[in-house]
Amino acid sequence: MWSHTTISKKLYLWSEIRGLEEKSKGVVTLAFSQKHLLGLRGVSADDINEILNTADLMKVILASNNKKTPHLQGKTVLTVFYENSTRTRLSFELASKYMGGVAANMSASGSSVAKGESLVDTARTLDRMASDVLILRHPMTGAPHLMAQHVKASVINAGDGTNEHPTQALLDMFTMKEKLGRIAGLKVAIVGDVMHSRVARSNLWGLTTMGASVTFAGPPTLLPPELAAAGCGVTECVDDAVRGADVVMGLRIQLERQQKGLFPSVREYHKLFGLTQERIKLAKKDALVMHPGPMNRGVEISSFVADAPESVIDEQVTNGVAVRMALLFLLTRNNG
Ligand code: CP
């Protein structure tokens, strides 16, 4: 394993070398071409690979005794959360701090949003505080896209309504590649409340771009009909989706987004659609069990499955920090 100093030097040299190369070519962009990360729909395999490869290096730094790097020195990262979060918000905050950046958080409650300030006015206000990256979680689909139109900073979508949660899918893909050695050709079953899941949509766009095949499974009331047109499998039979899968991903039942009556009872849901020990046996022998968290144990996933050796749920959390470090590193180099 490389030492922390080696990795830091490597990253430093890498950005320096790229800067020189770009100057000599008269272009200003890195191999990673995005100013914002608003979703994975339309993001190229090259850009996704760039993030995942950078995250490989960041993970080595994360595992070392000295997690501090200078790559975000002088940069300000603001997390702007209109919805609750543990993993996404804290991992962005820690990613920024590990790389020497300034990190601060704004929540809807306790800020002037509670006094009625609009999203655009909030965005402009935060932008004028010399922020370099704004990370937004919002209940409205398209909120980060709106924010990006009104700020100079880079905007990262940390979850918008039921639309996308791109950094979750990136960390999911990173975990698959790390554990299984590839993404292309993998058979991924995504099971549960697909209708309300931004994780499901970002994984669909990211995984299909990277050459994996995706099958969604869940109760018919929670399977959006438009999915079939997106080139993935859709089934009401969880056993069919899980059979022969390389990866089985459970999705949280999002009780906070649901109208009543979409499934009869929690107990019945678990029996018919939950990830149980019996169901997981249908997947490939060394299949990964994943879940974005937070989990409803005993509903979409049994505790036995969540804590089984095949489960990489805890590893997903660690990888979330590495992927977010990589993304902040790449975006701040694209944003001048
Ligand atoms: N997976 C995820 O987005 O978790 P948080 O809501 O805790 O950020």
Side-chain angles (χ1 to χ4, degrees), residues 37-40 51-52 55 62 77-98 103-109 133-141 143-144 155-176 178 188 190-207 216 218 222 247-258 275 288-297 299-301 305-307 311-328:
L37 185 72
L38 303 175
L40 287 188
I51 298 168
L52 302 185
L62 208 52
V77 174
L78 299 183
T79 50
V80 186
F81 274 57
Y82 287 66
E83 290 181 343
N84 295 339
S85 167
T86 299
R87 294 152 198 78
T88 313
R89 205 190 90 183
L90 273 175
S91 59
F92 268 119
E93 209 169 311
L94 289 173
S96 175
K97 287 178 174 168
Y98 290 153
N105 174 59
M106 195 207 91
S107 303
S109 63
V133 185
L134 295 172
I135 297 157
L136 178 66
R137 173 169 287 188
H138 199 283
M140 185 184 85
T141 287
V155 176
I156 299 176
N157 181 357
D160 63 326
T162 58
N163 181 37
E164 283 223 40
H165 189 354
T167 58
Q168 178 67 45
L170 286 167
L171 77 88
D172 292 339
M173 288 190 280
F174 180 86
T175 307
M176 291 175 205
E178 183 184 52
V188 181
I190 302 182
V191 179
D193 181 357
V194 181
M195 175 80 86
H196 300 95
S197 178
R198 49 202 182 200
V199 174
R201 283 168 186 78
S202 281
N203 265 300
L204 170 62
W205 307 128
L207 284 166
F216 290 110
L222 296 176
V247 178
V248 182
M249 185 186 296
L251 296 174
R252 182 170 70 91
I253 281 285
Q254 299 200 18
L255 298 168
E256 74 274 27
R257 293 189 209 281
Q258 284 205 19
L275 298 182
L288 304 180
V289 172
M290 302 179 78
H291 191 295
M295 289 182 277
N296 295 304
R297 285 173 181 262
V299 185
E300 71 265 8
I301 188 166
V305 172
D307 300 329
S311 167
V312 291
I313 296 168
D314 290 341
E315 198 71 19
Q316 284 174 266
V317 176
T318 308
N319 290 343
V321 183
V323 163
R324 286 164 182 134
M325 284 170 79
L327 192 57
L328 291 174

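Order of listing sets the numbers, starting from 1, for every ligand and every atom in it.
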Item to complete: List, ordered by chain and residue number, the protein residues whose closest non-hydrogen atom lies under 4.0 Å from any atom of ligand 1.
Response: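 Contacts of ligand 1 under 4.0 Å: Ser85, Thr86, Arg87, Thr88, Arg137, His165, Gln168, Pro292, Gly293.
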Worksheet item: Taking the six-membered ring of Phe92 as reference, does the NZ or CZ atom of Arg324 fall below 6.0 Å from its centre and within a 45° cone about the axis?
Response: yes
Practice prompt. Working to the nearest 0.5 Å, report the span between OG of Ser202 and CG of Asn163.
Written response: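 Between atom OG of Ser202 and atom CG of Asn163 there are 7.0 Å.
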Discussion item. Are the side chains of Leu222 and Ile253 in contact, using a 4.5 Å heavy-atom criterion?
Written reply: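 Yes - at least one pair of side-chain heavy atoms lies under 4.5 Å apart.
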Practice prompt. Report yes if some heavy atom in the side chain of His165 is under 4.5 Å from a heavy atom in the side chain of Arg137; otherwise report no.
Written response: yes
Item to complete: Could you check Arg201 against Asp160 for salt bridge (Lys or Arg N to Asp or Glu O under 4.0 Å), going step by step and ending with a plain yes or no?
Response: CA-CA 11 Å; Arg201 283 168 186 78; Asp160 63 326; over 6 Å; no
Worksheet entry | Residues Met325, Leu327; criterion side-chain contact (heavy atoms from CB on, under 4.5 Å); working and verdict | CA-CA 6 Å; Met325 284 170 79; Leu327 192 57; over 6 Å; no
